[in-house]
Protein chains: 2
Amino acid sequence: MSVTIHDVARQVNLSIATVSRALNRPESVPEPTRQRVLEAVRLTGYRPDAIGRSLREGRSRSVGLIVSDIRNPFYASITKAVEDIAQARGYGVLICNADEKPERAQEALHFLASHQVSGIIHVPTGENVAVLGELEARGVPIVDLDRVSGLQNAGAVLVNNRQGARQAAEHLIGLGHQRIATIAGPQHLTTGRERLEGFRQALEEAGIRLLKRHVEFGDFREASGMRAAQRLFALPKPPTALFVANNEMMAGALGAVLESGRRIPHDISLVGFDDARWAQYMHPPLTVVAQPIDAIGTLAAEQLFERIEGKPAARIQVLDTQLIVRASTGPPGAS
Amino acid sequence: MSVTIHDVARQVNLSIATVSRALNRPESVPEPTRQRVLEAVRLTGYRPDAIGRSLREGRSRSVGLIVSDIRNPFYASITKAVEDIAQARGYGVLICNADEKPERAQEALHFLASHQVSGIIHVPTGENVAVLGELEARGVPIVDLDRVSGLQNAGAVLVNNRQGARQAAEHLIGLGHQRIATIAGPQHLTTGRERLEGFRQALEEAGIRLLKRHVEFGDFREASGMRAAQRLFALPKPPTALFVANNEMMAGALGAVLESGRRIPHDISLVGFDDARWAQYMHPPLTVVAQPIDAIGTLAAEQLFERIEGKPAARIQVLDTQLIVRASTGPPGAS
DNA sequence: TTGTAGGCGTTATCAC
DNA sequence: GTGATAACGCCTACAA
């Protein structure tokens, strides 16, 4: 069995109360006693049982992280940033992969609740405001990441999606494109909506109407991107430029491009949202709207811990995107 | 506050014992009683507190996952597979990113121990056999993944690294290369050692001596791959073919190739270990030794839960690799 | 069939 | 300065 505080107490002929105090409130115990305890701890290899402590304190020293797709490098990076910061503070990370399914996210939320996590970082997958609200009412800080859950008191770390989409659109327009299409994300997600809106708006301001048949929708997963691109390429007058609203759907769209024998950017100019290693390495390197991934994860984790440690102010932080022009975009019909 | 078993008991005028029984041992309670309880559970929204249960049972319904680099898509996929299976069984996953640092892995191990996890899936980062042994002695099943920790009773899911490296070497030899180099992984890791051994052996069998200056070592991270490749390219007679022992170091090596102005495969043939999306998309597409990623994660998780649920047999499962020939390899000096 | 009570490991309150 | 004790929520012998 494991060594408990009783073993340490026995070792030094003190009560468990004193041992606990020596460990948690060093000032409340005379230095010599404290040293004796510390020595005994070293000797026995005692480590406080996290479960016992959690039960007593009403919260576990761990945080929940719900991502929509752990295989998307964007969320893998986020996970790393969050885990880094949690580990530094002695917290654990319970990871849940919602796989873009709201039911799974809800299940995860319940699970985290019953585990008394100290806080939750959450990539919303759909409508789970009810469960979130309960958690929040119980005093569990919540930080939305990437998307917005609709929960009132949640903090959030987001990216300026409208700006990003606008950058993509303006770049394409500047190159002289007129038949510009987009593969948009799910419209029940803020990222899906905002990227489409920013894109449409930029086009309109340039006097270009975004045709209905030039807007295809996907679910932010690879397969849907491929299908959407295939539909676009099947049009009588296919677009000469395409803005794809996330990296996974872009991976799928690329498959369709290859399949159709089109050359990039001669036959089709491509702009993605969110950078990824493969985007830099592919041929030609992909023009993208990049997000400050590390900052997103770090800020979310930092805000979460600030609030866990007492600062009540939930903040909504919006970060800027950056257009990185590489070689997948060019004037229509030119190589 | 949260709703506890007491609230449910009050609701139906029963003792908490009966409620607990109705929930955990349906057969030990008359059906009508059970129904009343279930109804009350629904009404109150009661969910058992995982912490209380864990304390009582001496183990939490969660497993630990220690990976060496969560941003490496290989481990991100593993994480997904493990989380999938855990979630299906009602277990949570505590994720720890060791970042290839043994101290962090050890810290993580202690953390998981104090959290009374039911089992651990573990990508060894170095020598943590002592802590692992304690865990194991406490009855916590451990499954090594990808590498081998040296722990006696651990199960393991591995890949045939020697075979994989051999496939790479033979492919290069078959193409006619003579000056073949490798960027090997850390030699304190089984993957690092075995891939180098298999590679060397295949060369020797073909009558090619692997020169000392043609073996560079990295730490399985991108930056080290770049530096290693730079050293290789600075040789008076640089190699015409290069086998890189993992995908991250390959990413770095690619940077060095670009920087040096070499063309692939005309000036240098490249074979990687482990496939990645960018490997397929890059130009030219990368020849790789692929690992059955999903199977690795799934088998590890399945073995872990089998053992959690009582089957004592730790197994060592070794999976085959597969050479995928794409366009980054060709005869020396030919395009 | 159901209830009472003990205890898992911890921290904190209250005596001494 | 230190110790005894209660409490957190749960499950399960044992008693009724």
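Quick caveat, the model's predicted, so the values are computed rather than measured. Sequence lines set the chain letters: A, B, ... in the order given, protein chains first and strands last, and positions in each chain run from 1.
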TODO: Answer yes or no: does a side-chain N or O of A:T33 lie under 4.0 Å from OP1 or OP2 of D:dT2?
DONE: yes
Could you list the residues that satisfy salt bridge (Lys or Arg N to Asp or Glu O under 4.0 Å) with [X], not counting sequence neighbours?
{"X": "A:R71", "result": "B:D294"}
{"X": "A:E27", "result": "none"}
{"X": "B:E39", "result": "B:R42"}
{"X": "A:R221", "result": "A:D69, A:D99"}

Could you tell me which residues satisfy ring-ring contact (aromatic ring centres under 6.0 Å, His included) with [X], sequence neighbours excluded, listed by chain and number?
{"X": "B:Y75", "answer": "none"}
{"X": "B:Y91", "answer": "B:F305"}
{"X": "B:F111", "answer": "B:H115"}

TODO: Output every pair passing salt bridge (charged side-chain N to carboxylate O under 4.0 Å, His left out) with a member in residues 8-20 of chain B, not counting sequence neighbours, ordered by first then second residue.
DONE: B:D7-B:R10
TODO: Would you mind classifying the nucleic acid contact of B:H6 as base, sugar-phosphate or nothing, using non-hydrogen atoms under 4.0 angstrom?
DONE: nothing
TODO: Just call it for B:I5: base, sugar-phosphate, or nothing, with non-hydrogen atoms closer than 4.0 Å on any strand.
DONE: sugar-phosphate
Task: Positions of residues 41-50 of chain B (non-hydrogen atom under 4.0 Å from DNA chain C), listed by number - done: none
TODO: Could you identify which residues of residues 12-25 of chain B place a heavy atom less than 4.0 Å from some atom of DNA chain C, listed by residue number, or say none?
DONE: B:N13, B:L14, B:S15, B:A17, B:T18, B:R21
Task: Carboxylate-amine/guanidinium proximity below 4.0 Å for A:R104 and B:D84 - done: yes
Task: Members of residues 110-120 of chain B that approach DNA chain D, where some heavy atom sits under 4.0 Å away - done: none
Open item on the list: Let me spell it out: for each of B:G52 and A:R61, pick the nucleotide of DNA chain C with the closest heavy atom. Which residue's pick is nearer the 5' end?
Closed with: B:G52
Rounding to a whole Å, what distance do you find between [X]:[atom1] and [N]:[atom2]?
{"X": "B:R59", "N": "D:dC10", "atom1": "CZ", "atom2": "P", "answer": "19 Å"}
{"X": "A:E57", "N": "D:dC8", "atom1": "CD", "atom2": "C1'", "answer": "11 Å"}
{"X": "B:R53", "N": "D:dT12", "atom1": "CZ", "atom2": "P", "answer": "9 Å"}
{"X": "B:E27", "N": "C:dT1", "atom1": "CD", "atom2": "P", "answer": "12 Å"}
{"X": "A:I51", "N": "D:dG9", "atom1": "CD1", "atom2": "P", "answer": "15 Å"}

Open item on the list: Would B:R53 and B:S60 count as a side chain to side chain contact (heavy atoms under 4.5 Å, CB included) here? Give the steps.
Closed with: CA-CA 8 Å; B:R53 171 183 282 166; B:S60 76; over 6 Å; no
Open item on the list: Checking A:A295 now: which residues fulfil side chain to side chain contact (heavy atoms under 4.5 Å, CB included) with it, not counting sequence neighbours?
Closed with: A:P292, A:L319
